[in-house]
There are 2 protein chains.
Amino acid sequence: MSLPHAILTALVEKPSSGLELTRRFDRSIGYFWSATHQQIYRELGKLEAEGYIRALVADQPTRGQKKRYEVLSEGRAELARWTAAPQDPKPMRDTMLLRLRAAAVVGTEGIEADLRRHLDLHTRQLAEYEAIQERDFPPGKDAPQDRLQHLVLRAGIDLETFWTRWLTHALEELGRLPAGGGAN
Amino acid sequence: MSLPHAILTALVEKPSSGLELTRRFDRSIGYFWSATHQQIYRELGKLEAEGYIRALVADQPTRGQKKRYEVLSEGRAELARWTAAPQDPKPMRDTMLLRLRAAAVVGTEGIEADLRRHLDLHTRQLAEYEAIQERDFPPGKDAPQDRLQHLVLRAGIDLETFWTRWLTHALEELGRLPAGGGAN
DNA sequence: CGGTACATGTAAGCAGTTACATGATTCT
DNA sequence: AGAATCATGTAACTGCTTACATGTACCG
């Protein structure tokens, strides 16, 4: 039940239309909670029905017409409630780790190329995060309101740093292996 | 499409019944691909129907009767194919990061306790991983067949290390904040 | 007036979660 | 015989993904 709250957060930060939200999810919020435009439109409908947000539009027509949504006080209250409520961390689910475990029994044939590709993708993502950090959080001045945003960005940077290091290490190990088939 | 391959991997490592698989997912494979017993039984049925695995049982009855599955050569081939096939990394989805971003606009009230709780949970998980490392991969001897398994375990250790550090840092930042309400 | 980009939506399907049901075995 | 545990399943639901549909505005 996180998507509605991701949308509420985005709308509190700045009232937007569905497509604007979609773009913002691609840029910033989507870095840790991705969503497609279909999910967003569906969820906007629900949030409006529940009285958490309100559409500002010249009423009548509905398709192709731009709608701008804003958060109502009930929505803001729900977001605050959700933020404070305890939630268990979800168990990790990572396909690459699973594939390496599978490679241990069926052989490492072919996985190296994809490890390299992932390393490249994570390296790019890391560079993107670091560019954002330099732009939005230059060293020296550190406004207290921005501390939380910076903290979240730093999680992204540290995670991508972890992946680039781990993938590099994995490629080293793979190169040192007797090559080809797995155990059994 | 990862669950069937997680199950195939587990079954290649060791033929098992549904419940045995469930337990092994709780202990080891589930550390990076969790699954409940309902998912596992459903998926075992599909895998059998597709001719990837075979049940060894005294035929007739079905409920309450223990079934042991083994992987057929088609299943092994499918697993090898899947392991080598390129797959894009899934965008991250983390609720705690989302909550912190929400806290930046609706206030940090109440989130600190859950950050502490998560720090505790991740600290325990890290300790569990390190215990496994000491038991299964003692320093010094390093059989080449085990290198891949160790690599995967190390990913778990490094990830939990990241979370404990980041959560500690987050709690420090939170304590240094003007307390209570967010921006706006 | 035809094409492209903008903007909002519908429908179908799949994967994962939660709650519940049922049979078999073992222990007292 | 009754209770606890082992073992296998069914059903309903929620959330996410993929593919497609429809309308509007603008540009040449």
Side-chain angles (χ1 to χ4, degrees), chain A residues 1-8 10-11 15-26 29-30 32-50 53 55-69 82 87-95 98, chain B residues 1-8 10-11 15-26 29-30 32-50 53 55-69 82 87-95 98:
Chain A
M1 282 285 296
S2 294
L3 178 59
H5 302 96
I7 291 177
L8 284 174
L11 286 180
S16 311
S17 69
L19 196 61
E20 281 166 356
L21 276 176
T22 304
R23 294 202 214 293
R24 291 174 58 199
F25 267 76
D26 285 343
I29 294 194
F32 45 89
W33 201 275
S34 65
T36 62
H37 80 274
Q38 292 91 337
Q39 280 179 279
I40 288 171
Y41 284 120
R42 196 151 21 96
E43 206 60 45
L44 283 171
K46 286 191 205 169
L47 287 168
E48 191 178 17
E50 289 167 325
I53 63 176
L56 312 167
V57 69
D59 287 292
Q60 283 90 343
T62 165
R63 260 186 203 274
Q65 193 83 338
K66 194 165 170 178
K67 267 191 222 170
R68 171 164 263 97
Y69 290 94
W82 176 82
Q87 273 182 259
D88 284 332
K90 289 244 163 144
M92 154 170 63
R93 273 202 179 145
D94 187 89
T95 309
L98 193 57
Chain B
M1 282 285 293
S2 295
L3 178 59
H5 302 96
I7 291 177
L8 284 174
L11 286 181
S16 311
S17 68
L19 196 61
E20 282 165 355
L21 276 176
T22 304
R23 294 202 213 294
R24 290 175 58 200
F25 268 75
D26 285 344
I29 294 194
F32 46 88
W33 202 275
S34 64
T36 62
H37 81 274
Q38 291 90 336
Q39 281 179 277
I40 288 171
Y41 284 120
R42 194 153 21 98
E43 206 60 47
L44 282 172
K46 286 191 205 169
L47 287 168
E48 191 178 17
E50 291 168 322
I53 62 175
L56 312 167
V57 69
D59 288 290
Q60 283 90 346
T62 165
R63 260 185 202 274
Q65 194 84 339
K66 194 166 171 176
K67 267 193 223 169
R68 170 164 264 97
Y69 290 94
W82 176 83
Q87 274 182 257
D88 286 332
K90 289 243 162 146
M92 154 168 63
R93 273 197 179 149
D94 188 89
T95 310
L98 193 57

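Every chain is numbered from 1, with letters handed out A, B, ... down the list of sequences. Remember, it's a predicted structure, so these values are computed and weren't measured experimentally.
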- Task: Please step through side-chain contact (heavy atoms from CB on, under 4.5 Å) for the pair B/I29 and A/L98, ending with a clear verdict.
- Result: CA-CA 8 Å; B/I29 294 194; A/L98 193 57; 4.3 Å; yes
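To the nearest angstrom, P of D/dT14 lies 15 Å from CG of A/L3. When rounded to the nearest whole Å, the span between CG of A/L44 and C1' of C/dT8 equals 10 Å. Rounded to an integer number of Å, the gap from CD1 of B/I40 to P of D/dT10 is 15 Å. Put simply, CD on A/E20 is 10 Å from C1' on C/dA7, counting in whole angstrom units. Between the C1' atom of C/dT17 and the CD atom of B/E43 lies a distance of 15 Å, rounded to the nearest Å. Atom-to-atom, NZ of B/K90 to P of D/dG15 comes out at 17 Å; the value is rounded to the nearest Å. Atoms CG (A/L98) and C1' (C/dA15) sit 15 Å apart, rounded to a whole Å. To the nearest angstrom, P of C/dA12 lies 19 Å from CD of A/Q39.
Taking side-chain N and O atoms only, B/Y41 has a distance below 4.0 Å to OP1 or OP2 of D/dT8. For A/R93 and C/dG16, the shortest distance from a side-chain N or O to OP1 or OP2 is below 4.0 Å. Contact annotation: A/K67 reaches the phosphate of C/dG9 (side-chain N/O to OP1 or OP2, under 4.0 Å).
Between the side chain of A/R42 and the base of D/dT17, at least one donor-acceptor pair of N or O atoms lies under 3.5 Å.
If you check D/dA7, C/dA7, C/dG16 against the side chain of A/L19, the one that comes closest is C/dA7. Taking only side-chain atoms of A/K46, from C-beta outward, the nucleotide of D/dG15, C/dT17, D/dC16 with the closest atom is D/dG15. Listed candidates were D/dC20, C/dC20, C/dA7. Nearest to the side chain of A/Q38 is D/dC20.
In this structure, the ring pair (Phe, Tyr, Trp, His ring centres under 6.0 Å) partners of B/Y41, at least two apart in sequence or on a different chain, are B/H37.
Taking CE of A/M92 as the reference point, atom CG of B/D94 lies at 12.0 Å (rounded to 0.5 Å). Interatomic distance, B/L44 CG to B/I53 CD1, rounded to the nearest 0.5 Å: 5.0 Å. Rounding to the nearest 0.5 Å places OG of A/S16 at 11.5 Å from CZ of A/R23.
B/S17 comes within contact range of the sugar-phosphate backbone alone, with a heavy-atom separation under 4.0 Å but no base atom that close.
Residue-to-nucleotide proximity on DNA chain D shows that, of A/H37 and A/S34, the 5′-proximal contact is made by A/S34.
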